Amino acid sequence: MTHISSALPFALAAALALPAAAQEIDPADWDAVSDAADGQTVYWHAWGGDTATNDFIAWVGEQVDAEYGVTLEHVKLSDTGDAVTRVLSEKQAGQDEDGAVDLIWINGPNFASMKEAELLFGPFAEELPNWQYVDVEGKTVQTDFTVPTDGLEAPWAMAQVVFMYDTADMEGPLASSEAILEWASANPGRFTYPQPPDFLGSTFLKQTLIELTDDNDTLATPVEEADFQEVTAPLWDYLDELTPNLWRQGRAYPASGPAQIQLLADNEIDLAVSFSPNEASRNIAQNQLPDTIRTFVLEDGTLGNASFVAIPYNSGSKAGAMVVANYLMSPEAQARAQDPEVLGYNTVLAMDKLSEEQRAAFDALDLGIATLSPEELGTVQPEPHPSWMTRITEEWIERYGVVQ
């Protein structure tokens, strides 16, 4: 669910690759990690475009400060690529210690670039105490857009594409991308999506491509190995038909997911895309959306992935960063994050690995009137290789991009 508006080119990342600095701390020695973390300040570079998310990060900071003496500073980003570029610049300048970035909310192309350039500390994730609770069988927590994580990032939230619609204006769910196109043609101006390279906008492009193409196996391999124009032709044909029927005839787009939510709240649109199955319920609970909003997924399933945190190789607060990553995977933090009145993110944990008391915290959650059950969410479609997101976003900008 990471918000990526641009990814560092793979070629640049590879060109700057240098051997990673020695790991000063053994992640498996948690007592030593905890001792070293006491008094450290962790600069977590994370998307800052959502008040609820910002509040959750602030709460995490309060918990790790009280328990471990770690000060958490949220460096709010609009583009995760900015933090990646900062680490690369420090590497190029020879700043291999005390870098500006201690922790990054990351996945997809940005993770692939940093991993390729050996810019990440680790492996650490699977050595953390709370890894014991993670659902490694049922959730994509050991690969990131098909790239093995190899313990270089720790999962903390699950996301899946859903569509939010207003039952006051729409009769019911739509079964497919083609059904969305038919509905949009019959109801011009009532649907839109965030403007790529916004992460959610690019995710909508991937979701549509996955459904329309007959060659999903190809999407799991680097885009350079495929005939890009042939594979993506159905997507561009689809968007050529859809775009004139979008909000403002596709001449303008909301800049972000929250901006799209505001259009739904203002009754400017009736249909919106989300990457959080609980987002509608959360917004209803916070009086940001009317209680007539519901969600649906497509019959063949929708795209899903995990959000991760990673630690740059040159962080001066690696122990503190591991403390934060470990706390994010704790049953306490995961239950709070799943509460629609807080965040509404799906958990990365396996319920059968939790104690009865820990499970009770999840069972007690009221997920809200607009949240689909795990059974209703259906099939989770895997992410394409990260290079596809970069390439289709660039192509979209060239074909449909507008100046905001």
Side-chain angles (χ1 to χ4, degrees), residues 1-5 47 50 107-109 139-140 143-146 155 157-165 170 173-181 183-184 191-213 216 219-220 234-235 238-239 242 246 253-254 256-258 260-261 264 269-283 289 293-307 338 340 343-348 367 370-386 388-389 392-393 396:
M1 198 174 50
T2 297
H3 297 261
I4 308 170
S5 52
W47 182 60
D50 178 63
N107 70 359
K139 296 181 172 130
T140 54
T143 59
D144 187 347
F145 286 48
T146 74
M158 297 302 301
Q160 184 177 343
V161 169
V162 297
F163 292 89
M164 299 180 289
Y165 72 106
M170 289 180 60
L174 303 171
S176 65
S177 293
E178 289 296 341
I180 290 174
L181 176 59
W183 179 87
F191 173 53
T192 190
Y193 54 91
Q195 178 170 329
D198 175 82
F199 174 77
L200 185 56
S202 296
T203 297
F204 172 72
L205 301 183
K206 289 186 295 180
Q207 169 61 51
T208 306
L209 176 61
I210 287 170
E211 185 172 4
L212 295 179
T213 185
N216 282 320
L219 298 182
L235 173 64
Y238 178 90
L239 292 176
L242 177 66
L246 294 175
Y253 292 83
S256 64
Q260 179 196 222
I261 291 288
L264 193 60
I269 59 174
D270 301 322
L271 179 65
V273 63
S274 173
F275 208 22
S276 173
N278 296 323
E279 184 171 19
S281 290
R282 187 190 90 193
N283 279 278
L289 284 175
I293 300 296
R294 295 293 184 270
T295 58
F296 66 86
V297 293
L298 307 182
E299 282 187 352
D300 291 336
T302 53
L303 181 69
N305 68 26
S307 284
Q338 190 161 324
L343 278 182
Y345 289 175
N346 284 358
T347 183
V348 301
L367 296 182
T371 301
L372 300 175
S373 68
E375 293 75 23
E376 290 171 322
L377 284 171
T379 304
V380 179
Q381 298 287 357
E383 284 277 5
H385 186 274
W388 284 92
M389 180 172 180
I392 64 174
T393 297
W396 185 94

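Values in this document were obtained by computation on a predicted structure and should not be read as measured data.
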To the nearest 0.5 Å, how far apart are CZ in F275 and CE in M158?
-> 8.5 Å
Reported CG-to-CE distance for the pair N107 and M389, which is rounded to 0.5 angstrom | 8.0 Å
Once you round to the nearest 0.5 Å, how far does CG of N283 lie from CE of M164?
-> 7.0 Å
Within a strict 4.5 Å, meaning less than it, do heavy atoms of the Y253 and T192 side chains meet?
-> yes
Audit row: Q207, T302, side chain to side chain contact (heavy atoms under 4.5 Å, CB included) steps and yes/no | CA-CA 7 Å; Q207 169 61 51; T302 53; 3.4 Å; yes
Could you grab the distance from atom NE2 of H385 to atom CG of L219, nearest 0.5 Å is fine?
-> 11.5 Å
For E279 and G344, indicate whether the former's side chain and the latter's backbone hold a donor-acceptor pair under 3.5 Å.
-> no
Sorted by chain and number, sequence neighbours left out, side chain to side chain contact (heavy atoms under 4.5 Å, CB included) with T371 holds for N278, S281, L367
Sub-6.0 Å ring centroid separation between Y238 and W396 = no
Can you name the residues that form a side chain to side chain contact (heavy atoms under 4.5 Å, CB included) with A175, not counting sequence neighbours?
-> E299
4.5 Å side-chain heavy-atom contact, L298 and S177 | yes
Can you tell me how far CG of L174 sits from CD1 of I180, rounded to the nearest 0.5 angstrom?
-> 6.0 Å
Quick one: pull up CD in Q160 and CG in N346 and give me the separation to the nearest 0.5 Å.
-> 8.0 Å
Correct closest heavy-atom pair for I392 and S202 would be CD1-O, 4.5 Å
For this output row, return yes or no: ring centroids of F191 and F204 closer than 6.0 angstrom.
-> yes
